[in-house]
Amino acid sequence: MEYALDRFEQQVRAAIAATGQVPDGLIEVTAPKPNIPADLAFPTFKAAKQLGMNPPQLAGALAQAIHPAADSLVASVVAAGPFLNFALDPVRLSAAVLEEVEELGPRYGSDDQGAGKTVVIDYSSPNVAKLMHVGHIRSTIIGQALYNIFRFLGYNVVGDNHLGDWGKQFGMNIAAIVRWGKPAGDGEDALAQIDKLYAQYARMAKEDPALDDEARAWSLKLEQGDPTARELWQWMVDLTLTANQHNYDRLGVHIDHNYGESFYEPMLPGVIQEALDKKVAYRDEGGAVVVDLGNSLPTFLLQRSDSGTLYHTRDVATLLFRLNEFHPSQILYVVGMPQELHFRQLFALVRAMGYAEDVELEHIKFGTIFDQHGQPLSTRRGNMIYLADLLNDAHQRARAVVEQASPDLPAAEKDAVAEIVGVGSVMYNDLYQDPRRNITLDWDRMLALEGNSAPYIQYMYARCRSILRKAAAEDIELPAAALNAQLPALLTHPAEVALLKQLARLPGAVREAGARYAPFVVADWCYETARALSGFYRDCSVLKAETPALRAARLRLVAATAQALLNGLGLLGLRAPERM
RNA sequence: GGCCCGGUAGCUCAGUGGAUUAGAGCACCAGUCUUCGGAACUGGGUGUCGGGGGUUCGAAUCCCUCCCGGGUCGCCA
C-alpha cells in the first residue's frame, strides 16, 4: 500500500535522481530530528565523497537544480550545510491524510505487504491445572499485539497456544485427586484448589517415597491411556481452558489453536528416529539420544536414558507439524529469555534435519519479572501475583478515578470504563517498551493512570469523541461538497500541521513494528499522537473556530485523529471508551 | 569458564552511525484554574550515554577490551 509519506519519499528520491548529479545507489534519505524544520533530509556526505566534492557544495548544487513539480507533496528544498532538506506541503498533505483516513477508516494504517504469506505465532502457553500469573502476561499480551500487527500488515496469521498439558506433574495431580477427591466447582477457584492439593502432595511425597511411586504410576497410566487417568486429565484441561478464557476475554486475546504438548505425543518416536537416521543425533552408552550439531552449541537430548522424551523432542515435533500444516514464511515464539539457548538449539537442529530452509524462525524473547526485593516470582516463595488478581486490582483503581472524575456516569458505564482503562493500563505497561529488559515489579507503575500510559491515550480519544458528539448535537449543517474539498487548505496552524503529520506516520509505525517484532513502536506512535492532539486542543478551538469552514475542517481533523488512535490502540489489544 | 541479554537524568524507559541544545514519563518546584472534559497543559535538567582504547570529517550508536547486573550451559519445562 502507498500512503502520503510514501509518495513524499518517492518524490524526494525522484527529484534528486532527476538532477543526474547523484547515482541511484547513493541516494539515502533520513528523517531529520524534530528540531530541524524539515520532513526528510538527504545527508550528502557519502555521495560527496564518491563524487570528490565537499558535502555543502553538493547540497548547494542540488538545491539549485531541484524544482519540485507543481502538484508535488514537496513544498521546498533547501541546503543546510551538508544536508539537503525537504519540507512537506502542509495543504497537500492534509488533503491526502484526511482522505486516506476517511476512506480506509478502521483499516487506516494497514498494508498488503504480507499478502499470500503466513506467520505462525506461539504465545501465551500457560500450564494446565495452574492459575495464570504475571509470568504469563508478557507472552500473552506481546504475542497478541504481534498477532494483530501482522494481520494488519496483510499476513495470514495463525496463533497457537502451546499449552503445557503433559509431563510428570500430572501424575502427581491425578494421584492427589484420587487420594483426596476432586475439587468442586469450576473456574479459577477449582484451579486454585488443584494447585493446593498438588503442593500438599509434593510436600508429603518428600517424606514418604510411596507417594512418589504412586504419582509415577499415575503418570505412566496416563501415557498408556488408562481411562481414569485420562478422564481426570481431560477434566483438568477443560477446566483450565474455561478459566483462562475469562482472562483472555479481558485482555482482548483470541488464539486460534490450543494444540497442547500432548497433541504431539504420537509424533515423538518418529522425530527421534529421523534425527538418528539423519545422523544429527546418536545414542550414547546410557541409551540417551544426544544431539551434537558439531558447531559451538552445547549438546542436548532428544530422549532420556529411561526412554522418556523431553521438551526439545516435543518442540521439534511441534515445529515440523506447523511447517507441514500451515506452510508459514515465519514462525514466532513469544517466550521468555531463559529459553534463548533452547530455541537456538531447536532452530539449528531443525535446519540440520533439512527443514525450514526458507522459513524465518524467531524467538521473541522477553525479560523476567522480579519482585521489589529482586527475587523471581514463584508460588513456592509466596510472592506470586496472579493475573486475575492483578486485573481486578487495576479495575478497582480505575473505578475509583472514574468515580471521582465522572460521578454523573451511570454505574454500569463506570464499571465498563474502569475495565477498559484499568486493564488497558496493565497491558500498556508491558507494551510501551522493548521487552528484553527484566522488570522489577512496581505496582504503581504497572497501574499508572497518567503520563505515558493507556489512560492518557484513551482520555485523548474520549476528548475527540466529546467534541464530535457536541458538534453533532448542535446540528450544524455540513458544508457543500465543493467547499468540503477546500477545507484541508484551512488547516495551516502549526498545531494542526503537527497533528496531521503525526497521523500520516501510522502506516510507517505499523510496518516498523512488524519488521522489528516490536509492538512498542505502535505504542509510541499512540502516545505521540495523543500529545500532538493535546497541543492542537490547547491552541485550536474546534467548536468556537473563527469561521464555519474552519470549524468544519477541524472537525474532520478531530474525527480522523479519533479513528487513527482507535486503530493504533486496537493493534495493541486496547479499547477506548467514548467517555471516561 | 563458554554463550545470550541488559547498563542512557534520582527512578522507569526511547533514541543504535550524522546538523555546536541526547529526548519522554514518574518524582520534585512554580504556573494555567468563569476549560470544545484538569486522567490535561506550560515552564524549570551541572546526564562521566558503565570504564578505557580504536575506526571516522563525525560515535550513545560501529570494532576491540574490561567492569557491573540478569540468564543459561544433557536426562524439568
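Chain identifiers are assigned alphabetically (A, B, ...) following the order of the sequence lines, protein sequences preceding nucleic acid strands; residue numbering begins at 1 within each chain.
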Does [X] reach a base, just sugar-phosphate, or nothing at all? Heavy atoms under 4.0 Å.
{"X": "A/S406", "answer": "base"}
{"X": "A/Y527", "answer": "sugar-phosphate"}
{"X": "A/C464", "answer": "nothing"}
{"X": "A/M580", "answer": "base"}
{"X": "A/L341", "answer": "sugar-phosphate"}
{"X": "A/V558", "answer": "nothing"}
{"X": "A/P43", "answer": "nothing"}
{"X": "A/R314", "answer": "sugar-phosphate"}
{"X": "A/N85", "answer": "base"}
{"X": "A/V421", "answer": "base"}
{"X": "A/A398", "answer": "nothing"}
{"X": "A/A41", "answer": "base"}
{"X": "A/E261", "answer": "sugar-phosphate"}

Exercise. Can you check whether A/F520 stacks with the B/rA14 base, using ring centres under 5.5 Å and planes within 30°?
Worked result: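 It does not: the ring fails the test against the base of B/rA14.
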
So does [X] get a side-chain nitrogen or oxygen closer than 4.0 Å to the phosphate oxygens (OP1/OP2) of [N]?
{"X": "A/Y432", "N": "B/rU12", "result": "no"}
{"X": "A/S534", "N": "B/rC41", "result": "yes"}
{"X": "A/R344", "N": "B/rC4", "result": "no"}
{"X": "A/Y456", "N": "B/rC41", "result": "yes"}
{"X": "A/R538", "N": "B/rC41", "result": "no"}
{"X": "A/Y311", "N": "B/rA77", "result": "no"}
{"X": "A/R304", "N": "B/rC76", "result": "yes"}
{"X": "A/K470", "N": "B/rC36", "result": "no"}
{"X": "A/K33", "N": "B/rA19", "result": "yes"}
{"X": "A/R445", "N": "B/rA27", "result": "no"}
{"X": "A/R516", "N": "B/rG15", "result": "yes"}

Atom-pair distance ([atom1] on [X]; [atom2] on [N]), nearest Å:
{"X": "A/L377", "N": "B/rG70", "atom1": "CG", "atom2": "C1'", "result": "15 Å"}
{"X": "A/Y459", "N": "B/rG37", "atom1": "OH", "atom2": "P", "result": "8 Å"}
{"X": "A/D434", "N": "B/rG25", "atom1": "CG", "atom2": "C1'", "result": "17 Å"}
{"X": "A/Q339", "N": "B/rG74", "atom1": "CD", "atom2": "P", "result": "15 Å"}
{"X": "A/H342", "N": "B/rC75", "atom1": "NE2", "atom2": "P", "result": "14 Å"}
{"X": "A/I36", "N": "B/rA22", "atom1": "CD1", "atom2": "C1'", "result": "13 Å"}

Non-hydrogen side-chain atoms of [X] and [Y] separated by less than 4.5 Å:
{"X": "A/E413", "Y": "A/V417", "value": "yes"}
{"X": "A/L51", "Y": "A/L58", "value": "yes"}
{"X": "A/V289", "Y": "A/V291", "value": "no"}
{"X": "A/R138", "Y": "A/I369", "value": "yes"}

Nucleotide nearest [X] when distance is taken to its side chain, options [options]:
{"X": "A/P298", "options": "B/rU12, B/rG70, B/rC73", "value": "B/rC73"}
{"X": "A/P32", "options": "B/rG7, B/rG37, B/rA19", "value": "B/rA19"}
{"X": "A/E340", "options": "B/rU8, B/rC76, B/rC4", "value": "B/rC4"}

For this session: Examine A/K130 relative to A/Y198 and say whether NZ or CZ is less than 6.0 Å from the centre of the six-membered ring and inside a 45° cone about the ring axis.
Result: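 Cation-pi check for A/K130 and A/Y198: passes.
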
Could you work out the separation of [N] and [M] based on their [atom1] atoms and round it to a whole Å?
{"N": "B/rU21", "M": "B/rG15", "atom1": "C1'", "answer": "16 Å"}
{"N": "B/rU8", "M": "B/rG69", "atom1": "P", "answer": "14 Å"}
{"N": "B/rG44", "M": "B/rA59", "atom1": "C1'", "answer": "30 Å"}
{"N": "B/rC73", "M": "B/rU61", "atom1": "P", "answer": "32 Å"}
{"N": "B/rA19", "M": "B/rG2", "atom1": "P", "answer": "37 Å"}
{"N": "B/rA27", "M": "B/rA39", "atom1": "P", "answer": "15 Å"}
{"N": "B/rG71", "M": "B/rC64", "atom1": "P", "answer": "26 Å"}
{"N": "B/rG18", "M": "B/rC3", "atom1": "C1'", "answer": "34 Å"}

For this session: Hey, which sits more toward the 5' end of RNA chain B by its nearest nucleotide, A/A288 or A/W166?
Result: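 The residue closer to the strand's 5' end, by nearest nucleotide, is A/A288.
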
Exercise. When the nearest nucleotide of RNA chain B is assigned to A/P435 and to A/N438 on a heavy-atom basis, which residue is associated with the more 5' position?
Worked result: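 Going by which nucleotide is closer to the 5' end, it is A/P435.
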
Exercise. Does the distance from a Lys or Arg side-chain N to an Asp or Glu carboxylate O, for A/R13 and A/E9, drop under 4.0 Å?
Worked result: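 Looking at A/E9 together with A/R13, the answer is yes, because their closest N to O distance falls below 4.0 Å.
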
Exercise. Between A/Y432, A/Y456, A/Y428, which is the residue that forms a ring-ring contact (aromatic ring centres under 6.0 Å, His included) with A/Y527?
Worked result: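 It is A/Y456, the one option of A/Y432, A/Y456, A/Y428 that forms the ring-ring contact (aromatic ring centres under 6.0 Å, His included) with A/Y527.
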
Problem set entry | G-U wobble or Watson-Crick pairing nucleotide for B/rA24 (cut-off 3.5 Å, both distances) |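 Pairing partner: B/rU12.
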
Problem set entry | Watson-Crick or G-U counterpart of B/rG1, or none if no pair lies under 3.5 Å |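 Its partner is B/rC73 (Watson-Crick or G-U wobble, both distances under 3.5 Å).
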
Problem set entry | Distance-only polar pair, side chains of A/Q396 and A/R399, donor-acceptor under 3.5 Å |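 On atom types as modelled, these side chains do not qualify, holding no pair under 3.5 Å.
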
Exercise. Roughly how far, to the nearest 0.5 Å, is the CG atom of A/L499 from the CG atom of A/L491?
Worked result: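 One gets 9.5 Å once the value is rounded to the nearest 0.5 Å.
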
Problem set entry | Base of B/rC36 paired with side chain of A/S466 (donor-acceptor, under 3.5 Å) |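 No such pair is found, so the answer is no.
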
